[in-house]
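None of these values were measured; they are calculated from a predicted model. Counting starts at 1 for both ligands and their atoms, in listed order.
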Amino acid sequence: MKEEGVIKFNCNWIKKEALPAEQVKELNNWRNKLYHEKLLGVTADGIGYGNISRRLKQNTFIISGSGTGRLKKLKPLHYSLVTSYSFHENALTAEGPVKASSESLTHAAIYECSPQTQFVFHVHHLYLWKNLLKLLPSTNSSIAYGTTAMAAEIFRLFKEHDLNKQGIFAMGGHEEGVISFGKTAAEAGQIILDKLKEL
Ligand SMILES: [Zn+2]
């Protein structure tokens, strides 16, 4: 059933061959580490969670494909290139062998707000999420993921806080949902692992 006020995510998918391996290599290395830590993967009900991306140029980015969370290893054919998007219409265009993740617009909002950011990781972890909610600025709990309001909420968060310094935040309305980002894949990934140790 469609929730009131929620516009369905619309992916204009242009089916193309896999991206060059070197463009996804670093991203995929970190994907393996995060999968190993169960920060992305699959729930007991078989639902894949977590997604990762890297900026290619300007506001285009490579992101893991929809439904790939359940796969143990990803190959270049499991990634897609987001070439354009509209926050207002909750829509995007992606080129590749798979559909882009339904959380792609959240990644897009971060690339727009933070020009220095080259990598964005979205992971799920209940304990980390609960603690980040208490400790650091987060997106509002009334805003669910996949809504047109989420991008606006991320813009607000970047405007009101020094998010580039923070490098990580919890999505208040998306249980377990945590986003990290950085100038390198190691920066985006390590902050998650460090916070897990620290908390
Ligand atoms: Zn999520």
For the residue pair His107 and His122, categorise the inter-ring angle as parallel (less than 30°), tilted (30 to 60°) or perpendicular (more than 60°).
-> perpendicular
Give the atom name of whichever N/O/S atom in Glu103 sits closest to the Zn ion (ligand 1).
-> OE2
Return the orientation label for the Phe169 and Phe158 ring planes: parallel under 30°, perpendicular over 60°, tilted otherwise.
-> perpendicular
Any N/O/S atom of Glu176 sitting less than 2.8 Å from the Zn ion (ligand 1), backbone or side chain?
-> no
Is the closest basic N to carboxylate O distance between Lys195 and Glu198 below 4.0 Å?
-> yes
Have a look at the Zn ion (ligand 1) and estimate, to 10 degrees, the angle subtended by NE2 (His174) and NE2 (His124).
-> 100°
Ion pair check, Lys33 and Glu37, cut-off under 4.0 Å | no
